[in-house]
Amino acid sequence: MQTRSEQTRQALVRAAAELIANGRLADAGLVNICRRAGVSRGALYHHFSSIAELNAAVYEQAHERVVALMDEAFGSSPVEDAPERLLIAFCEALRTEELVRAGIQLAVDGSAGPPRLRDDVLTLVRGRVADTHRDAVPAPEDLADLAVVVAAGLETLGHTDAEWWDAKTSKRLWALLRPLFSTGAVAGALSAVSAGGVVGSAGAVGVVGVVGTEGAGRRGRREGEGV
């Protein structure tokens with residue numbers, strides 16, 4: 001059970017996260033945070049020496065949350081589906097958890113960076129995918145680059161259209177990508193692309209093409225429906 005002091009500290013972290021997630025970093029100022037948390041300025045400075053230190057606590061908790069999602073995704077079987085499990089969990093956290101949505105915009109020191117947690121997450125994604133598939137496919141780093149392209153694209157697009165963070169979107173994209181992460185299909189696919197000399201970039205172009213086409217189709221449907 002949390003003490004009153006711990007509850008106050010967490011209320012401040014939650015308030016800062018809400019303001020950043022639903023607005024921008026500049027909205028998380030002293031007055032707004034204290035009003036949202038229902039505490040005095042003195043209480044804030046009792047727990048944090050500055051707003052930057054408070055924001056750094058938001059980053060830290062968001063980082064812990066994302067790492068936990070990664071551990072869960074890559075700790076289950078089958079290993080080939082670990083990137084899909086991570087994409088679904090990560091996008092769901094972005095959609096429903098203000099802490100993650102705020103933390104992704106922050107650097108470890110509580111500033112706007114760079115680098116931000118977003119950059120750290122993409123680095124972790126690349127490392128996890130490459131390590132997990134190192135003994136299963138001939139070019140795990142290239143598949144890791146592809147996973148990063150998809151994760152980065154979904155994270156960015158979701159800020160303007162939350163439908164990109166829906167689990168259905170991740171599952172639809174993964175249905176197209178799954179063959180590349182299986183031993184049987186990946187060798188031929190990577191060999192064909194590597195003839196151009198840039199495996200990762202070619203893979204990225206393919207995914208961007210799929211995402212871009214679907215996005216255009218979605219916008220077209222909305223316009224046609226008068227939304």
Side-chain angles (χ1 to χ4, degrees), residues 1-76 85-128 131 148 151-167 170:
M1 184 175 179
Q2 288 185 323
T3 66
R4 183 172 181 178
S5 177
E6 291 170 336
Q7 291 174 347
T8 299
R9 179 183 175 86
Q10 191 56 36
L12 287 164
V13 171
R14 184 167 56 250
E18 290 172 357
L19 289 165
I20 297 169
N22 299 316
R24 54 199 179 107
L25 181 57
D27 295 330
L30 175 64
V31 174
N32 287 342
I33 292 173
C34 289
R35 182 183 296 120
R36 180 67 63 94
V39 304
S40 66
R41 299 185 184 189
L44 186 152
Y45 284 117
H46 172 75
H47 291 279
F48 302 98
S49 63
S50 65
I51 299 300
E53 184 178 330
L54 170 55
N55 290 341
V58 174
Y59 169 97
E60 180 181 1
Q61 291 188 22
H63 183 277
E64 291 176 355
R65 174 64 175 144
V66 173
V67 169
L69 293 176
M70 289 190 181
D71 289 342
E72 183 176 354
F74 286 90
S76 305
R85 291 192 294 269
L86 176 59
L87 284 177
I88 292 173
F90 179 49
C91 287
E92 179 65 13
L94 286 168
R95 189 177 69 85
T96 62
E97 300 179 27
E98 290 168 323
L99 176 68
V100 174
R101 204 159 63 246
I104 210 77
Q105 305 177 49
L106 298 170
V108 67
D109 63 356
S111 71
R116 297 174 294 165
L117 179 56
R118 178 185 189 273
D119 305 308
D120 299 338
V121 168
L122 294 178
T123 298
L124 288 172
V125 168
R126 188 180 192 282
R128 290 290 185 97
D131 290 344
V148 167
L154 290 174
E155 186 272 333
T156 299
L157 291 167
H159 287 288
T160 54
D161 182 354
E163 190 173 346
W164 288 106
W165 290 341
D166 190 282
S170 294

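All residue numbers refer to positions in the sequence shown, counting from 1.
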Within a radius of less than 6.0 Å around CD of E72, do more than 12 heavy atoms belonging to other residues, nucleotides or ligands occur?
-> no
Residue pairs, two or more places apart or on separate chains, that pass ring pair (Phe, Tyr, Trp, His ring centres under 6.0 Å) and touch residues 6-54 = none
Provide the full list of salt bridge (Lys or Arg N to Asp or Glu O under 4.0 Å) pairs with a residue in residues 93-110, sequence neighbours left out, each pair given once.
-> R65-E97, E92-R95
How far does OG of S111 sit from CD1 of I51, to the nearest 0.5 angstrom?
-> 14.0 Å
Heavy-atom closest contact (H159 atom, W165 atom, distance) | N-CZ2, 3.6 Å
If you look only at distance, which donor and acceptor atoms sit under 3.5 Å apart when one is on a side chain in residues 54-62 and the other is two or more places apart or in another chain?
from: Y59; atom 1: OH; to: D120; atom 2: OD2; distance (Å): 2.5
from: Q61; atom 1: OE1; to: Q10; atom 2: NE2; distance (Å): 3.1
from: Q61; atom 1: NE2; to: Q10; atom 2: OE1; distance (Å): 3.0

Nearest heavy-atom approach of V67 to L124 is CG2-CD1, 4.2 Å
Do you know which two heavy atoms are closest between C34 and S40, and how far apart they sit?
-> SG-O, 3.8 Å
Which is it for I104 and F90 under the side chain to side chain contact (heavy atoms under 4.5 Å, CB included) test, yes or no, and what are the steps along the way?
-> CA-CA 11 Å; I104 210 77; F90 179 49; 3.9 Å; yes
Closest heavy-atom pair and its distance - A17, A102 | O-CB, 3.3 Å
Kindly determine whether T156 and R118 satisfy side chain to side chain contact (heavy atoms under 4.5 Å, CB included), including the steps that lead there.
-> CA-CA 10 Å; T156 299; R118 178 185 189 273; 2.9 Å; yes
Any donor and acceptor pair, going by atom type alone, linking the side chain of S76 with main-chain N or O of A73 inside 3.5 Å?
-> no
Can you name the closest pair of heavy atoms from Q105 and I20 and give their distance?
-> NE2-O, 3.6 Å
Kindly give the heavy-atom pair with the smallest separation between D119 and P114, and that separation in Å.
-> OD2-CB, 4.4 Å
Report yes if the side chains of M70 and V121 come closer than 4.5 Å at any heavy-atom pair, otherwise no.
-> yes
Under a 4.5 Å cut-off applied to non-hydrogen side-chain atoms, are L117 and V100 in contact?
-> no
Heavy-atom distance under 4.5 Å between the side chains of R9 and V39, does that happen here?
-> no
